[in-house]
Peer 1: 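Structure in structure tokens, see below.
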Amino acid sequence: MLVDLQQDWAAGVAAGVASDGIARFDRIRSRVQFVTLSSSLGTVVPHRDSDGDGITMLQNRGSVARRMGFGGFGAGALAPHTDRSGVIDPPALLLVVCGRRAVSGGECIAIDGQRVYSDLAACDPQTVGAVAATHSLVRWRRRVSRVGVRAHPGRSGPSPIST
């Protein structure tokens, strides 16, 4: 019997995301593997800075990182942010893979935006209303159908998938 290990792997990642909102994965050895895994989980959504396969390579590009919105192309830490929050239909899932361990840094903090929203709505609904009035909140979707992908060729740490 022939078993499609890539589909089995993707199913495991999807199950982790469905139950916990995040799933760690490893054994990504090539760009093709990463694109295949991403495509198995949904439609890969191109980014302003992505290559033709939809992967955005985040690496130190020197002075480019000083431009607004280009912090991922530097060596410094990024403030918590929501990827693609400025588009009408942002990806529901973000995949991140590290190409190799860095000498220092590379920590990744994933924040569950749905949980933050739910907690804020329960504790301070007026603030939620004020933020919603600015159109800063995007409706949350439980079903994953669009995937954003990022590759960090020189950052260490786990390779998370975050929603």
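Sequential numbering from 1 along the given sequence is applied to the chain's residues.
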Peer 1: Closest approach of Phe25 and Val13, non-hydrogen atoms and distance?
Peer 2: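 In this case the closest contact between Phe25 and Val13 is CB-CG2, 4.1 Å.
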Peer 1: Could you walk me through whether Val44 and Asp53 pass side-chain contact (heavy atoms from CB on, under 4.5 Å), step by step?
Peer 2: CA-CA 8 Å; Val44 175; Asp53 57 8; over 6 Å; no
Peer 1: In Å and rounded to the nearest 0.5 Å, what is the CG to CG distance from Leu95 to Leu37?
Peer 2: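 Reported to 0.5 Å precision, the distance equals 5.5 Å.
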Peer 1: Taking all atoms of both residues into account, what is the closest heavy-atom pair of Ala75 and Asn60, and its distance?
Peer 2: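 The pair with the smallest heavy-atom distance is CB-ND2, 3.6 Å.
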Peer 1: Show every salt bridge (charged side-chain N to carboxylate O under 4.0 Å, His left out) that has at least one partner inside residues 42-51, sequence neighbours left out.
Peer 2: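 Qualifying pairs: Arg31-Asp51.
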Peer 1: What I'd like to find out is whether the side chain of Phe73 reaches to under 4.5 Å of the side chain of Leu58, using heavy atoms alone.
Peer 2: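 Yes; the side chains approach each other to less than 4.5 Å.
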Peer 1: Does anything in residues 115-130 pair up under salt bridge (charged side-chain N to carboxylate O under 4.0 Å, His left out), and if so which pairs, sequence neighbours excluded?
Peer 2: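 Every pair satisfying salt bridge (charged side-chain N to carboxylate O under 4.0 Å, His left out) with a residue in residues 115-130: there are none.
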Peer 1: So which heavy atom on Leu41 is nearest to which on Ala10, and how close?
Peer 2: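 Closest heavy-atom pair between Leu41 and Ala10: CD2-O, 3.4 Å.
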Peer 1: Taking Ala15's backbone N and O only, do any of them form a donor-acceptor pair with Ser19's side chain (distance below 3.5 Å, no angle check)?
Peer 2: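 The answer is yes, because a donor-acceptor pair under 3.5 Å joins these two groups.
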Peer 1: In residues 63-70, what donor-acceptor pairs under 3.5 Å come from side-chain atoms, sequence neighbours left out?
Peer 2:
none

